[in-house]
Amino acid sequence: MEATAGYQDISALEKSVANAGSQLYTMAHKLHAVERSLEQTTMEQMDEMEVLELLESMSEVTNEYQNLRKDIREVQQLQRDVSSSIRYQMRSMQQTFHTLKQRIASSQKGRKKPKKGLDGAAAGAGHGIHE
């Protein structure tokens with residue numbers, strides 16, 4: 001179940017990164033359009049409509065920037081969540097490995113002891129100790 005949550009976190013992280021990338025591209029495109037507009041005209045040449053369009057473009061860029069910052073915070077939180085999930089899964093795997101290692105070691109010790117006991121019993125039976 002933890003693995004599924006980890007995959008969902010990674011999927012959400014990838015989607016957020018893609019969305020942030022798309023917003024960066026849109027923002028860069030809008031900024032470039034504003035820069036071109038400013039290069040072509042001086043403030044005296046601009047009429048009221050052009051100024052309003054420029055202000056609207058700047059407002060859109062500001063909003064895009066704020067949305068991008070929000071998305072970046074979400075991506076960072078998802079990165080922390082994924083990292084935490086991976087650390088938890090790693091500790092869980094280490095504990096499982098340690099437990100299995102102990103079981104194998106105790107199983108091997110358990111197998112060795114009866115063999116010695118059987119060998120000893122067989123040797124003892126041959127000498128008349130148990131008779």
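Predicted model only: the values in this text are computed from it and were never measured.
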Open item on the list: Between S84 and R80, is there a side-chain donor-acceptor contact under 3.5 Å, judged purely by atom types and distance?
Closed with: no

Task: Main-chain N/O of Y88 paired with S92 side-chain donor or acceptor, under 3.5 Å - done: no

Task: CD1-OG1 distance between I104 and T99, expressed to the nearest 0.5 angstrom - done: 11.0 Å

Open item on the list: I'd like to know whether D71 forms a side-chain contact (heavy atoms from CB on, under 4.5 Å) with E74, so could you lay out the CA-CA distance, the side-chain angles of the two residues, the decisive distance to 0.1 Å, and finally the verdict.
Closed with: CA-CA 5 Å; D71 285 348; E74 289 175 9; 3.8 Å; yes

Task: Heavy-atom donor-acceptor pair, T62 side chain to M58 backbone, under 3.5 Å - done: yes

Open item on the list: Check whether S106 reaches the backbone of Q102 with its side chain - one donor and one acceptor, N or O, closer than 3.5 Å.
Closed with: yes

- [ ] Measure the OG-CD distance between S57 and E64 for me, rounded to the nearest 0.5 Å.
- [x] 11.5 Å

Open item on the list: Within this structure, what is the OH-CD1 distance for the pair Y65 and I72, rounded to the nearest 0.5 Å?
Closed with: 8.0 Å

Task: Between CG on residue N67 and CD on residue E60, distance to nearest 0.5 Å - done: 11.5 Å

Open item on the list: Return the OG1 to NZ distance between T96 and K101, rounded to the nearest 0.5 Å.
Closed with: 14.0 Å

Open item on the list: How long is the straight-line distance from CG of L78 back to CD of Q76, given to the nearest 0.5 Å?
Closed with: 10.5 Å

